[in-house]
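Structure first, commentary second.
Predicted, not measured: the structure shown is a model, and the values here were computed from it. Count residues from 1 along the sequence.
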Amino acid sequence: MPTLGVLEGSLRKASLSRAVARSTTDLAPEGLDVVLMPNPGTLPLFNQDVLDEGMPAAVSALADALAGIDALLIVTPEYNWSIPGGLKNAIDWVSRLKPNPLEGMPVAIWSVSPGILGGARVHESLRHVLHSQDMVIMAKPEVQVAGARSKVDVAAGTVTDQVTRDFLSAHLTRLNAIIQVAAQKDAAIA
């Protein structure tokens, strides 16, 4: 059974995007195992001097979690029309690992916002960063959960709006199909 890792872009405990990220276990199709990655807030700021002294334990924990998944789903807010600093920092740390666990991995992006654009502007900048890691990006359909305050129960960590639940569930089903195709290609190469 393929495993999908979910990486939260927000550090805030009562975050709308964090609640949506945690809802993926209920929304995923049968046959897709979903695990939450360590939150980027556990990582120190990337600094080559720190790395030169040895890999921090929090980065090693993230690397170990990434090694156990077949694909990644990033669920994030948009900060200042771009990537939240904690999320970018996590990718910066992982990019220093040899081998890079992100290379060749399927990835999808969900943005979540109380605003009417749903965090749409984070997609482009995040895609640029993910391309630099040679990830296989599921570009369509884009997922932007707009007006999230009326669609998400933060305390329960669930998506309450049925239309949104159906859309996210369908997206996960499509992502699962992409994971299956990638696994078949990897098996054929091996």
Side-chain angles (χ1 to χ4, degrees), residues 2-30 32-43 69 71-92 94 102 105-133 135-179:
T3 301
L4 175 66
V6 180
L7 183 60
E8 301 165 348
S10 179
L11 309 183
R12 185 172 173 241
K13 289 180 183 172
S15 163
L16 290 163
S17 62
R18 182 177 247 193
V20 172
R22 290 170 186 250
S23 74
T24 56
T25 55
D26 294 332
L27 299 170
E30 190 173 318
L32 179 62
D33 188 28
V34 176
V35 296
L36 293 174
M37 298 289 96
N39 186 280
T42 63
L43 306 175
I69 63 172
L72 186 65
L73 171 64
I74 298 173
V75 185
T76 186
E78 170 192 299
Y79 289 176
N80 299 315
W81 300 1
S82 192
I83 307 166
L87 177 58
K88 177 64 167 64
N89 184 56
I91 296 168
D92 289 344
V94 171
L102 301 178
M105 183 182 289
V107 61
I109 303 165
W110 291 1
S111 60
V112 182
S113 171
I116 61 171
L117 296 180
R121 291 175 286 215
V122 72
H123 285 255
E124 182 178 1
S125 53
L126 186 51
R127 272 194 232 109
H128 283 291
V129 173
L130 299 176
H131 274 298
S132 79
Q133 302 308 297
M135 296 189 81
V136 179
I137 301 168
M138 181 179 169
K140 293 182 181 180
E142 286 190 352
V143 175
Q144 294 122 13
V145 180
R149 281 196 184 106
S150 66
K151 298 174 181 174
V152 175
D153 181 337
V154 172
T158 61
V159 176
T160 55
D161 178 72
Q162 191 59 49
V163 171
T164 303
R165 287 181 64 80
D166 292 345
F167 179 74
L168 296 177
S169 183
H171 192 268
L172 288 171
T173 297
R174 183 158 184 256
L175 178 57
N176 190 33
I178 290 169
I179 297 167

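- Taking 4.5 Å as the limit, every side-chain heavy atom of D161 sits out of range of all side-chain heavy atoms of V145.
- The two atoms that bring E142 and F167 nearest to each other are O-CZ, 3.9 Å, heavy atoms only.
- Here the side chains of L32 and I179 are in contact, with some heavy-atom distance below 4.5 Å.
- Summarising the geometry of R18 relative to S15, their closest heavy-atom pair is N-OG, 3.2 Å, with the distance given to 0.1 Å.
- Proximity of V6 to T25: side-chain heavy atoms (C-beta onward) are nowhere separated by under 4.5 Å.
- Taking all atoms of both residues into account, the shortest heavy-atom contact from A21 to L36 is O-CD2, 4.1 Å.
- Between I116 and A146, the closest heavy-atom pair is O-CB, 3.5 Å.
- With a 4.5 Å cut-off on side-chain heavy atoms, H171 and P141 count as touching.
- Taking CD of E8 as the start and NZ of K13 as the end, the distance is 12.0 Å to the nearest 0.5 Å.
- Rounded to the nearest 0.5 Å, atoms CG (L168) and CG (L73) are 9.0 Å apart.
- Considering every non-hydrogen atom in both P77 and V122, the closest pair reads O-CG2, 4.0 Å.
- Considering CD1 of I83 and CZ of R127, their distance stands at 11.0 Å, rounded to 0.5 Å.
- Contact of the P84 side chain with the T76 side chain is registered, since non-hydrogen atoms from C-beta on lie closer than 4.5 Å.
- Nearest heavy-atom pair across P106 and M135 is O-CE, 4.5 Å.
- T164 contributes no side-chain N or O that, together with a main-chain N or O of T160, makes up a donor-acceptor pair within less than 3.5 Å.
- For the side-chain contact (heavy atoms from CB on, under 4.5 Å) with L72, the lone residue among L130, I109, L7 that qualifies is L7.
- Under a 3.5 Å cut-off, the side chain of N39 and the backbone N or O of S10 do form a donor-acceptor pair.
- Other residues, nucleotides and ligands contribute more than 12 heavy atoms inside 6.0 Å of the CD atom of Q162.
- To the nearest 0.5 Å, atom OG1 of residue T158 and atom CZ of residue R165 are 7.0 Å apart.
- Between N176 and P2 the shortest side-chain heavy-atom distance falls below 4.5 Å.
- Atom CG of L126 is separated from atom CD1 of I137 by 7.5 Å, given to the nearest 0.5 angstrom.
- A distance-only check finds a donor-acceptor pair linking the side chain of S111 to the backbone of G118 [under 3.5 Å].
- Although no hydrogens or angles enter the test, the distance criterion places a donor-acceptor pair under 3.5 Å between the side chain of H123 and the main chain of V143.
- The closest donor-acceptor contact from the side chain of S169 to the backbone of L27 lies under 3.5 Å.
- Side chain of N80 to main chain of S82: no donor-acceptor pair is present (N/O by atom type, distance under 3.5 Å, no hydrogens or angles).
- Rounding to the nearest 0.5 Å places OG of S17 at 12.0 Å from CD1 of I74.
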task: Dump the intermediate steps for side chain to side chain contact (heavy atoms under 4.5 Å, CB included) on W110 and T24, then the final yes or no.
output: CA-CA 11 Å; W110 291 1; T24 56; 3.6 Å; yes
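- The closest side-chain heavy-atom distance from Q144 to L117 is not below 4.5 Å.
- Put simply, the side chain of V107 does not reach to within 4.5 Å of the side chain of Q133, judged on heavy atoms.
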Trace of the side chain to side chain contact (heavy atoms under 4.5 Å, CB included) decision for M37 with V35: CA-CA 6 Å; M37 298 289 96; V35 296; 3.6 Å; yes
